[in-house]
Amino acid sequence: MQLVFATNNLNKLKEVQKLIPQHIKLLSLNDIGCFEEIPETQTTIEGNAIQKAEYIKTHYGYDCFADDSGLEVDYLNGAPGVFSARYAGEQRDANANMNLLLLKLEHITHRAAQFKTVIALQLNGEIDTFTGICKGEITEKKFGNQGFGYDPIFKPLGYNQTFAEMELELKNQISHRGKALMKLISFIQEFPK
Ligand code: ITT
């Protein structure tokens with residue numbers, strides 16, 4: 001079976017490549033000649049994931065899955081959520097996004113947050129979605145330099161390190177994307193090879 005993973009984020013591709021079973025041939029957007037910006041205009045994480053997967057099927061004809069993720073901060077009523085990538089502006093700058101979030105939480109002790117991923121799978125004319133959540137808290141400053149996005153300021157529950165201080169294997173075991181992907185993988189194991 002071959003499946004396109006519809007992401008322009010090379011970090012996500014790297015995370016997913018490590019977890020996907022060998023009998024599934026993972027194609028990137030590069031592999032199918034898709035170099036355009038895929039629209040993400042929905043108001044929910046789930047809506048964006050479905051939009052990305054459907055876009056690839058409609059315009060390129062491939063079965064495909066797409067992930068949309070966001071960081072939901074309790075004190076900010078779930079923001080930045082679906083706007084996580086462009087929280088500090090259209091330049092989608094991870095450092096600027098983290099700085100803005102740290103500023104909004106300055107002197108705030110309630111720092112609970114969660115990462116959420118929804119993966120939408122477009123396979124054999126059907127759409128299915130798989131959700132993964134990872135609970136944790138926002139640290140007071142940045143720690144570590146692995147990973148991407150908000151990783152340096154997110155400490156998952158039960159751990160003393162941020163995602164950016166962890167090996168990718170550990171992040172994958174406990175992360176929102178890892179959990180959603182495990183659900184996707186057990187779903188597609190059912191299909192013939
Ligand atoms: P796509 O091409 O897959 O859309 P993207 O970077 O736009 O890549 P999303 O819209 O799914 O990804 O994610 C929004 C943002 O949420 C992303 O840019 C990061 O800032 C943040 N994010 C998502 N997953 C993350 C993770 O595992 N660790 C840290 N930050 C993450």
Side-chain angles (χ1 to χ4, degrees), residues 3-19 26-30 32 34-56 64-73 76 78-102 113-121 129-139 142-156 159 161-181 184:
L3 277 179
V4 174
F5 180 26
T7 182
N8 286 307
N9 183 327
L10 294 180
N11 290 290
K12 284 187 184 176
L13 193 61
K14 197 165 120 196
E15 288 187 6
V16 168
Q17 256 157 354
K18 284 215 166 220
L19 294 175
L26 198 63
L27 301 176
S28 68
L29 291 176
N30 269 0
I32 62 163
C34 171
F35 303 106
E36 61 185 307
E37 187 83 20
I38 302 173
E40 288 182 56
T41 53
Q42 304 302 303
T43 52
T44 61
I45 291 175
E46 184 181 35
N48 274 341
I50 292 173
Q51 185 178 24
K52 287 191 256 186
E54 284 186 333
Y55 188 88
I56 293 302
C64 155
F65 67 94
D67 122 348
D68 199 57
S69 307
L71 178 62
E72 300 176 331
V73 178
L76 301 174
V82 72
F83 303 110
S84 295
R86 53 201 84 200
Y87 191 40
E90 280 306 316
Q91 74 279 16
R92 303 167 68 104
D93 181 89
N95 257 315
N97 290 339
M98 284 190 285
N99 291 341
L100 177 59
L101 186 55
L102 289 176
Q114 65 179 28
F115 267 119
K116 179 174 171 186
T117 288
V118 177
I119 293 177
L121 171 71
T129 59
F130 309 90
T131 301
I133 284 177
C134 180
K135 290 184 182 291
E137 62 176 40
I138 305 300
T139 51
K142 299 169 197 161
F143 297 98
N145 48 23
Q146 320 234 46
F148 69 100
Y150 297 87
D151 280 348
I153 60 169
F154 183 81
K155 189 152 64 91
Y159 292 83
Q161 296 171 299
T162 65
F163 271 163
E165 294 176 292
M166 288 179 181
E167 294 299 325
L168 183 53
E169 278 75 14
L170 179 56
K171 180 185 172 189
N172 269 342
Q173 276 169 31
I174 60 176
S175 80
H176 45 305
R177 187 166 305 98
K179 288 177 184 164
L181 202 65
L184 167 81

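All ligand and atom numbering here is 1-based and tracks the order in the structure. All figures in this text were calculated on a predicted structure; none of them were measured in a lab. Every heavy atom of this structure was used, including side-chain atoms; hydrogens, water molecules and symmetry mates were not.
- Atoms CG and SG, from Asn8 and Cys34 in turn, are 7.0 Å apart once rounded to the nearest 0.5 Å.
- Residues Glu165 and Lys155 are not paired through a salt bridge, judged by the lack of any N-O separation under 4.0 Å between the basic side chain and the carboxylate.
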Hey, can you pull the donor-acceptor pairs under 3.5 Å for the side chains in residues 92-100, sequence neighbours left out?
from  : atom 1 : to     : atom 2 : distance (Å)
Asp93 : OD2    : Asn95  : N      : 3.2
Asp93 : OD2    : Ala96  : N      : 2.7
Asn95 : OD1    : Lys142 : NZ     : 2.8
Asn97 : OD1    : Tyr87  : N      : 3.4
Asn97 : OD1    : Ala88  : N      : 2.8
Asn97 : ND2    : Ser84  : O      : 3.3
Asn97 : ND2    : Ala85  : O      : 3.0
Asn97 : ND2    : Asp93  : O      : 3.3
Asn99 : OD1    : Lys142 : NZ     : 2.8
Asn99 : ND2    : Asn95  : O      : 3.2

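- With sequence neighbours excluded, the residues forming a side-chain hydrogen bond (donor to acceptor under 3.5 Å, both in side chains) with Gln114 are Glu72, Lys135, listed by chain and number.
- Protein residues having at least one heavy atom under 4.0 Å from any atom of ligand 1 are Thr7, Asn8, Asn9, Lys12, Glu40, Lys52, Asp67, Asp68, Ser69, Ser84, Ala85, Arg92, Phe115, Phe148, Gly149, Tyr150, Asp151, Lys171, His176, Arg177, listed by chain and number.
- Annotation: ring-ring contact (aromatic ring centres under 6.0 Å, His included) contacts of Tyr150 (sequence neighbours excluded): none.
- Inter-residue side-chain proximity for Asn48 and Val82 is flagged as met; some heavy-atom pair is nearer than 4.5 Å.
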